[in-house]
Amino acid sequence: DGGITQSPKYLFRKEGQNVTLSCEQNLNHDAMYWYRQDPGQGLRLIYYSQIVNDFQKGDIAEGYSVSREKKESFPLTVTSAQKNPTAFYLCASSTGGANTEAFFGQGTRLTVV
Amino acid sequence: GQNIDQPTEMTATEGAIVQINCTYQTSGFNGLFWYQQHAGEAPTFLSYNVLDGLEEKGRFSSFLSRSKGYSYLLLKELQMKDSASYLCAPLMNYGGATNKLIFGTGTLLAVQP
């Protein structure tokens, strides 16, 4: 079945450690997005990528890094520079065209202790 | 952010009709999505508008006015399961091939018996 997969669903890390969140899609989508959601808040864009080997900063990129070496994969690294990393992280993909919906993964809830 | 405004919370009665408004910046606008999100879950696609007018899809309809930078989501015959957050998401293009999907803070709808 085609879809977008984030793993793991829950992740715990110690403060000061980098952590990488996985996002894989087999929908043959060109565009991929990473969002952060805090309790009671909307989605804030961290990074997005329209094509392989290219990505742009979103509204809250500081303390995060991404790579897009393959079309199917868009991993997000939460670095120790991110001051408040505990949040719900959502990955999405779309064909990239102006009239196509974005499909979301199930999300990863990251807790830093 | 991109000045996406929607009410924070709304309450409505089962069986009634509710309208959730959204305003956004028109510069770079390339279409608008509405998503539904239940607590702790990923957003799911509801509707897409790119031209002015009303798009109807069962109990849900969405309206767009490009010149006014305004959209609304209309939910009819409300059911208890419609209690969720509703996210307004304009697709923006600031030149080139890259589209940027951004979200409002969401409207938390509570449907009461």
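Residue numbers begin at 1 in each chain, while the letters A, B, ... track the order of the sequences. Side-chain atoms are counted along with the backbone in the values below, which use heavy atoms only and exclude waters and symmetry mates.
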Which pairs count as salt bridge (charged side-chain N to carboxylate O under 4.0 Å, His left out) when at least one residue sits in residues 66-86 of chain A, sequence neighbours excluded?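 For residues 66-86 of chain A: A:Asp30-A:Lys71.
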Region of [X] that comes under 4.5 Å of a non-hydrogen atom in chain B:
X        : answer
A:Arg109 : side chain
A:Leu90  : side chain
A:Ala31  : neither
A:Gln6   : neither

Quickly, which of B:Asn21, B:Asp5, B:Thr23 forms a side chain to side chain donor-acceptor pair (under 3.5 Å) with B:Tyr70? Name it, please.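 Testing B:Tyr70 for a side chain to side chain donor-acceptor pair (under 3.5 Å) against B:Asn21, B:Asp5, B:Thr23 leaves exactly one candidate, B:Asn21.
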Using non-hydrogen atoms and a 4.5 Å limit, figure out which bit of B:Gln37 sits close to chain A: side chain, backbone, both or neither.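 The answer is the side chain of B:Gln37.
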Could you tell me which portion of B:Leu87 (side chain, backbone, both or neither) has an atom closer than 4.5 angstrom to a non-hydrogen atom of chain A?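 B:Leu87 touches chain A through side-chain heavy atoms alone.
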Close side-chain approach of A:Leu43 to A:Leu45, heavy-atom, < 4.5 Å: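 Not touching, per the 4.5 Å side-chain cut-off.
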Would you say A:Cys23 and A:Trp34 make side-chain contact, with heavy atoms under 4.5 Å?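 A:Cys23 reaches A:Trp34 side chain to side chain.
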Begin from the C-alpha positions of B:Lys100 and A:Asp59 and carry the test salt bridge (charged side-chain N to carboxylate O under 4.0 Å, His left out) through to its verdict. CA-CA 11 Å; B:Lys100 184 179 179 184; A:Asp59 299 319; 3.5 Å; yes
